[in-house]
Amino acid sequence: MRVRIHVTPKSGVLDPQGKAIGNALTRLGFQGIGDVRAGKIIEVQLEAPDADAAKNQAKVMCERLLANKVIENYVIEVLNE
Amino acid sequence: MRVRIHVTPKSGVLDPQGKAIGNALTRLGFQGIGDVRAGKIIEVQLEAPDADAAKNQAKVMCERLLANKVIENYVIEVLNE
Amino acid sequence: MKHEDTMRPGTLEAAKQFGLNEAEWANILRLLNRTPNMTELGIFSVMWSEHCSYKSSRVHLRTLPTSAPWVIQGPGENAGVIDIGDGDAIVFKMESHNHPSFIEPFQGAATGVGGIMRDVFTMGARPIAMLNALRFGEPEHPKTRHLLAGVVSGIGSYGNCMGVPTVGGEVNFHKAYNGNILVNAMCVGLARADNIWLSAAKGAGNPVVYVGSKTGRDGIHGATMASAEFSEDAEEKRPTVQVGDPFTEKLLLEACLELMATDAIIGIQDMGAAGLTSASCEMAAKGGAGIELWMDKVPQREAGMTAYEMMLSESQERMLMVLKPGREAEAERIFRKWELDFAVIGITTDTKRIVLRHHGEDVCDLPVNVLADEAPVYERPWVEPPRPAPLSDVPAPPSILGVLKQLVASPDLASRRWIWEQYDYSVMADTIQKPGGDAAVVRVHGTGKAVALTTDVTPRYCQADPYLGGMQAIAEAYRNLSAVGAKPLAVTDNLNFGNPQKPEIMGQFALAVRGLGEACRALDFPIVSGNVSLYNETLLPNGQYQNILPTPAIGGVGLLRDWRHMATIAFKAEGEAVILIGETKGHLGQSLYLREILQREDGTPPLVDLGSEKRNGIFVRTLIEAGQVTTAHDCADGGLLVAIAEMAMAGGIGAELAAPVNGDPHAYWFGEDQARYVICVPQSTAHDILAQADAAAVPAARIGTTGGEMIILDETNISIRALKDPHEAWLPDLMRR
Amino acid sequence: MKAAVIVFPASNCDRDVATALTQITGRSPAMVWHANASVPGDADLIVLPGGFSYGDYLRAGAMAAHSPIMQDVIARAQKGTPILGICNGFQILCEAGLLPGALIKNASLSFVCRPVNLTVEAANTMFTNRYAVGQTISIPVAHGMGNYVADEATLDALEDEGLVALRYTLGDNPNGAARNIAGIMNRERTILGLMPHPERACDNALGSEDGKALFMSLLGALS
Ligand SMILES: Nc1ncnc2c1ncn2[C@@H]1O[C@H](COP(=O)(O)OP(=O)(O)O)[C@@H](O)[C@H]1O
Ligand SMILES: [Mg+2]
């Protein structure tokens, strides 16, 4: 079973990387660039009987390791069953 | 218009971060962890008349800056229209 | 809080939530002769917090010696400044980021580094070195590895990006820090003595300018959190963590230095803890001016921010300046070039009031002196902590070298290489002594001079006897500088203690400060800047409080007039005479031998004889300056044999040692008597050096000869490899687990 | 020999390399701000220094590769002006397409600062003619993203054409780089990118003078 986890900075938390990317796009000549946020995406192959179990397992992974809950949010997507 | 861009290491390209995450998950006691890939997610607010135009613009951004085609693939998703 | 709510009158309840007590609230009402609104109350809570007002510590700090002919600026500005000759000045300070680093180790430590760098470059100095003094809980504690890894990578990521070498520091592990780690960062900068910038906002009608990053809602009430003890709900306070942006800070550094090459600035102050509030109040207070701020002009990261939020935000990488009128355009050009926000957000006035205007309304109007000078000062009651019983018998170990092997791989003595290899210690190409020695040495670029830098304190000594522990911290810093051949010049401190409202903790503080002061006076080693971090305690599940060990961390700065005459700890050649300087009594109380080998933390800490410290230090330094000695190391944690082992491991050369004629060998080899150094000299000069020592009334004795690949002690021996492998492996092994 | 050092936002070894160049060539380089349109016409060497241009955000060197000055740097490269990229400069050269491959996170995921032993692989170049092939030299590295990657065909081509200038000596690879690659050149051997910092190894007081020969090679070749 494969899950995909999106980890993004919480709104209100400074995202220096997003800010720098936004400025760079503007410098490259793209017009009307607004807010840019940069995050991580982690795909994990894991063993689980079904999608729900996979999602639960991924949730534990996020809480324990993959996301820094102080400043980040995460969203889990199960890719196939 | 908001687009989300997934940038992931090409298969075959070394992914030290993915590998380290996989090892850490196994050390934390998760069983049966297989391949782990780590990538980036970039959300950009841009001005475009419709989803197709937004996608095209994002594609140019990826080709020019957001992805390094030597090592990365990208996928574009338009979030709202 | 919505805008309307920030305009409502404050209440006692709100004041308490902001960390003020009933008497302080009453005092505010009396001083203002009216009820402050919530915005004003927020500003009071920040300015009157422990962090900004030093209300518990001030009466004690006043007793510290802060002057010397070479001190240009003592405590009171963003950092201390000393004269190192030829028009050069060193600007330095140490600061804590303990609580944020416990909550989010990477960002907490990173923003700590960013904050202390701003303190230094605000004064016109280019940072040239960073150090960090770290304390973690027990190595086995479930949080320790995560915290250590995060803190180290946070420090590295910020300092490395800034291009400032991180050249030294110290790390201890002790269970008293399980729930409250200490992250103290020190920044050292180089400036021209005639180009130091201060923070006073002088004159009326001068533009007040904001530069750097935009203001967001981060860290609101960070300063009050820094002054509140930790409880189990510390995690609830998480959103107050700020994220650092070293890239922006690097631009800010370059832009500020570029502007400082002109004479456009009247006063400049970084926005650190308590952000815009303390920056504006302190600038106004120092300059005897008033300030009017136009909050609509403050660069904002988020929509709909209230004046309250902007004033209390702790967004990083921001500065406030007062410019000479008419110089705005020139300044703006520089900051725009560096792609930074720049805004004129107010004006100085002659009212001596802080006035905030937002959406056409005055949302705050407070007298500056009430915020700054009328802040509470407490003479908190204190008692002398109980003295430890004198040491009972200490059994001899079966094998001296076996103990040595165990000690060099113990948590407080094992190699810190895993840490410092994550720091760029060689950028700027002037680091001529990297981490791993007694003090780091960094050249003053393009000159023959160099500065030596060290951080020191032995918390277990301070716990047993805060007065002696305070003295010892200064003495050890003095020794580490002398051991590389530097003349110790001045000190910054970071006083980390528990809850000052507990008389025993306040007693630790008072006595430690007394010890620091006494040692500084005796050694001509004034304190020119510092920081106090109190309330370092954790509420345990059983309802008890765990206070940290008293930890007055000392950052010492010394000067080498000629860096070609410098000593390092490594044995350099075979067949040299190993000479011990200083007197050895075999003091085992509070030693690492007791703690690591016998699992005992008892006895009194070693005595500190400041006369010997000075005499012996000057003697060793003079030999190094004269080019007679290039190998020296002080004896500290672990005692004489550990010092010798460190010299052998660093040089890859062994030594043959003679045991003492009388006394217990284990006390001789592992006792932690102070004021001692090990030096090495060629056979041909050994006799002369001993004679010089004799003439200077400095105890000195030849104790061995370098050579081979072993440490040989009477009939026993151990190879350097057998010591070095476990010494180097301990920390990487811990982190791999 | 007249060098130009390009200064990007958050370059931080620009001064160090200028010091080394001044000391060894006797001439101080021109310091050129990245927003400028062109490199001074008389520059016969362009140096992209180490540092954290744009904070290493997104990918190290990615944003700097699009700096205004880079159009001229690329044009000058095509005309054969020698270019030296150190650390972040190497990353920028790869991102700008002037050198093949890419530099990704160190295998350890940690920043690493320490002296490394390098083996000189090519000495018949303007950058390395003062070294001997097979010589071992010690130069410090200091980077978080020095792990060189490229597809097998590219790696084979680099080897076959003798474009690997420096390799980490066996057992001393600090970052996991493919085939221990520490520095590579373009086909014309006019561009060198390397992760180690030769400018920090020009002074025995810093621990090594092994970097000096690189600047002396250039001095000899260009004057
Ligand atoms: N956190 C750290 N960062 C950088 N260097 C460190 C750190 N901790 C220790 N070191 C270095 O390791 C060496 C040994 O530290 P320590 O045992 O505290 O020295 P000493 O006993 O001489 O004060 C010193 O050179 C010190 O600068
Ligand atoms: Mg020492």
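Remember, it's a predicted structure, so these values are computed and weren't measured experimentally. In what follows, every chain begins at residue 1, and chains take the letters A, B, ... in the order their sequences are listed.
With sequence neighbours left out, the ring-ring contact (aromatic ring centres under 6.0 Å, His included) criterion links C:Trp338 to D:Trp33.
Proximity to chain C (any heavy atom under 4.5 Å) is restricted, for D:Tyr57, to the side chain, taken from C-beta onward. Contact of C:Thr431 with chain D is made through the backbone alone, with heavy-atom distances under 4.5 Å. Looking at C:Ile432, both its backbone and its side chain come within 4.5 Å of chain D, counting heavy atoms on both sides. Contacts of C:Glu339 with chain D are made by side-chain atoms alone, with heavy-atom separations under 4.5 Å and no backbone atom involved. For a residue to count as touching a neighbouring chain, one of its non-hydrogen atoms must lie under 4.5 Å from one of that chain's; by this rule D:Ala205 touches chain C with backbone and side chain alike. Contact annotation for D:Asp56: neither backbone nor side-chain heavy atoms come within less than 4.5 Å of a heavy atom of chain C. Within the 4.5 angstrom heavy-atom criterion, only backbone atoms of D:Ser11 (N, CA, C, O) approach chain C. Contacts of C:Arg443 with chain D are made by side-chain atoms alone, with heavy-atom separations under 4.5 Å and no backbone atom involved. When heavy atoms are compared at a cutoff of 4.5 Å, C:Gln433 does not approach chain D at all. Heavy atoms closer than 4.5 Å to chain D are found nowhere in C:Met566, neither backbone nor side chain. Only the backbone of C:Asp430 comes within less than 4.5 Å of a heavy atom in chain D; its side chain stays farther off. The contact between D:Arg114 and chain C is made by backbone and side chain atoms together, counting heavy-atom distances below 4.5 Å.
Side chains of D:Thr136 and D:Asn117: no donor on one and acceptor on the other come within 3.5 Å.
No other option in C:Cys161, C:Pro246, C:Ala429, C:Gly163 has as many heavy-atom pairs under 4.5 Å with chain D as C:Cys161. Of the listed residues D:Gly51, D:Pro9, D:Ala142, the one with more heavy-atom pairs under 4.5 angstrom with chain C than any other is D:Pro9.
Salt bridge annotation for C:Arg561-C:Glu625: absent, with no cationic side-chain nitrogen under 4.0 angstrom from a carboxylate oxygen. Salt bridge C:Lys449/C:Asp562: absent, no basic N to carboxylate O contact under 4.0 Å. For D:Arg15 and C:Glu254, the salt-bridge test passes: some basic side-chain N is under 4.0 Å from an acidic carboxylate O.
The local environment of CD in D:Gln23 is crowded, with over 12 non-hydrogen atoms from other residues, nucleotides or ligands closer than 6.0 Å. Applying the 6.0 Å contact sphere to NZ of D:Lys105 captures no more than 12 heavy atoms from other residues, nucleotides or ligands.
Across C:Leu257, C:Val211, C:Asp245, a single residue satisfies side chain to side chain contact (heavy atoms under 4.5 Å, CB included) together with C:Leu252, and that is C:Val211.
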Using the ring pair (Phe, Tyr, Trp, His ring centres under 6.0 Å) rule, take D:Tyr54 and D:Phe8 through it: C-alpha gap first, then chi angles, then the decisive distance, then the call.
CA-CA 8 Å; D:Tyr54 294 97; D:Phe8 298 95; 7.8 Å; no
